[in-house]
Amino acid sequence: MPVTVLLVDDEPLVRAGLRAVLDSQPDIEVVGEAADGASVIPLVRSLRPDVVAMDVRMPLLDGIEATRAVLRSVDTPPKILVVTTFENDEYVYQALRAGADGFLLKRARPSEIVHAVRLVAEGETLLFPAAVRALAAEYGNRQARAALKRAALTEREEAVLRLMARGLTNVEIAGELIVGTETVKSHVSAILGKLGARDRTQAVITAYESGFVSPA
C-alpha cells in the first residue's frame, strides 16, 4: 500500500509542486489538499492519510494550532510533517513541541522531499538543523530536566537517546552501537515510556531542553 499524503498550504504553487514530486513516486499517493489548517481535521477523518505535510504559517489556523487540533481530536492521528520556508523559524520549533513529527524546507530538493515523507511515515524523526537545535536549548526548562531525571535512563538508553538526537534511524543507531535493530527498537520504546514522550521527536526535544544533549 502506498504512503498517503494530505497537503496543507495556503500557496497553490507550493501544493502543486509537492503533489508533482510526491505523485511521481510509486509508493506515495497525494489523497487531498487544503489551503488552511482549519480544514485539516475533517479531511484527516475522511481521507485517513498516513502523513500530513502542513505549512507552519497560514492565515486562519496555523500549523501549530492545526497540529494540536489533529492530535487532540483524531483517535489515530497521522504523522505530521511541518513545511517551512526558514529552518530557524521559531514557529517550526513550536510545531515540533506541539507534536509534529518532523519538518521539511520548501526549498528542499525533490529527493529530500520524498525521503522526508517516507521517513516520517516509518515513524523515524528527521534531523533537526543546527538552528532548531539551538532554539531547543534556549527553551531549556526545569520540567524537561525533571522529566529526564525521573526517567532514570540506563547507560545504554542514554547512548541511544544521544544518537536519536543526532537524527539517526534505528538501523544507523544499531550500526553505531553494534547491536541488532530489534534491540534498538526496544531501547527506543523504553526511552519513550520513561520520558512519557509521544514519539521520538518529543523525546529528542526533551533531551535538548534538559541540557542532556548540546546543540553544538
Please assess Thr183 against His187 for the test side chain to side chain contact (heavy atoms under 4.5 Å, CB included), listing each intermediate value before the final yes or no.
CA-CA 6 Å; Thr183 299; His187 286 315; 3.7 Å; yes
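- Taking CG of Leu168 as the reference point, atom CZ of Arg162 lies at 14.0 Å (rounded to 0.5 Å).
- Taking 4.0 Å as the cut-off between side-chain N and carboxylate O, Glu11 and Lys106 count as a salt-bridged pair.
- In this structure, Pro49 and Val5 have side chains that are not in contact, with every pair of non-hydrogen atoms separated by 4.5 Å or more.
- The OG1 atom of Thr4 lies 11.5 Å from the CG atom of Asp27; values are rounded to the nearest 0.5 Å.
- Closest approach of Leu195 to Ala151, counting heavy atoms only: CD2-CB, 3.7 Å.
- Among all heavy-atom pairs drawn from Val44 and Pro78, the shortest one is CG1-CD, 3.8 Å.
- Proximity of a side-chain donor or acceptor of Asp10 to a complementary backbone N or O of Asp36 within less than 3.5 Å is not detected.
- Looking at Val160 and Ile191, their side chains come closer than 4.5 Å, going by heavy atoms from C-beta outward.
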Passes side chain to side chain contact (heavy atoms under 4.5 Å, CB included), Lys194 versus Leu153? Steps please.
CA-CA 8 Å; Lys194 289 182 176 182; Leu153 301 180; 3.8 Å; yes
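- Side-chain contact annotation: Gln25 with Arg118, donor-acceptor N/O pair under 3.5 Å present.
- Taking every heavy atom of both residues into account, Ala203 and Leu161 meet most closely at O-CD1, 4.0 Å.
- We find the CG-CG distance between Asp23 and Leu18 to be 10.5 Å, quoted to the nearest 0.5 Å.
- With contacts defined as side-chain heavy-atom distances shorter than 4.5 Å, the pair Leu81/Val52 does not qualify.
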If you apply the rule side chain to side chain contact (heavy atoms under 4.5 Å, CB included), what do you find for Glu157 with Thr154, and how did you get there?
CA-CA 5 Å; Glu157 289 166 353; Thr154 66; 3.2 Å; yes
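- Contact detail for Ala100 and Thr67: the closest heavy-atom pair is N-CG2, 3.6 Å.
- The two residues Gly63 and Met58 have their closest heavy-atom pair at N-CE, 3.8 Å.
- No single ILVMFWY cluster, assembled from side-chain heavy atoms under 4.5 Å apart, contains both Ile41 and Leu61.
- Considering only heavy atoms from C-beta on, Glu209 stays 4.5 Å or farther from Arg145 through its side chain.
- Contact check for Ser39 versus Val8: no side-chain heavy atoms found under the 4.5 Å cut-off.
- Side chain of Arg15 to main chain of Leu7: no donor-acceptor pair is present (N/O by atom type, distance under 3.5 Å, no hydrogens or angles).
- In plain terms, the two heavy atoms of Asp9 and Val14 that are nearest each other are OD2-CG1, 3.4 Å.
- In terms of modelled atom types and a separation under 3.5 Å, the side chain of Ser73 and the main chain of Val70 share no donor-acceptor contact.
- Between Lys185 and Thr181, the closest side-chain pair of non-hydrogen atoms falls below 4.5 Å.
- Salt-bridge annotation for Arg200 and Asp101: absent, with no side-chain N of the basic residue lying under 4.0 Å from a carboxylate O of the acidic one.
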Tell me, with the steps shown, if Ile205 and Leu96 meet side chain to side chain contact (heavy atoms under 4.5 Å, CB included).
CA-CA 8 Å; Ile205 286 175; Leu96 292 170; 3.8 Å; yes
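- Separation of atoms OG1 (Thr84) and CZ (Phe103) is listed at 8.5 Å; rounding is to 0.5 Å.
- Rounded to the nearest 0.5 Å, atoms CE (Met164) and CG (Asn170) are 8.0 Å apart.
- Note on Leu71 and Val82: separate hydrophobic clusters, where clusters join Ile, Leu, Val, Met, Phe, Trp and Tyr whose side-chain heavy atoms are under 4.5 Å apart, directly or indirectly.
- Under a hydrophobic clustering in which Ile, Leu, Val, Met, Phe, Trp and Tyr are joined whenever their side-chain heavy atoms come within less than 4.5 Å, directly or via other members, Leu47 and Met54 fall into the same cluster.
- Counting heavy atoms from C-beta on, the side chains of Leu163 and Glu172 never come closer than 4.5 Å.
- Between atom CD of residue Glu122 and atom CG of residue Asp50 there is a gap of 11.5 Å, rounded to the nearest 0.5 Å.
- Side chain of Glu112 to main chain of Arg109: a donor-acceptor pair is present (N/O by atom type, distance under 3.5 Å, no hydrogens or angles).
- Contact annotation: the side chain of Pro2 never approaches that of Ile28 to less than 4.5 Å [non-hydrogen atoms, C-beta and beyond].
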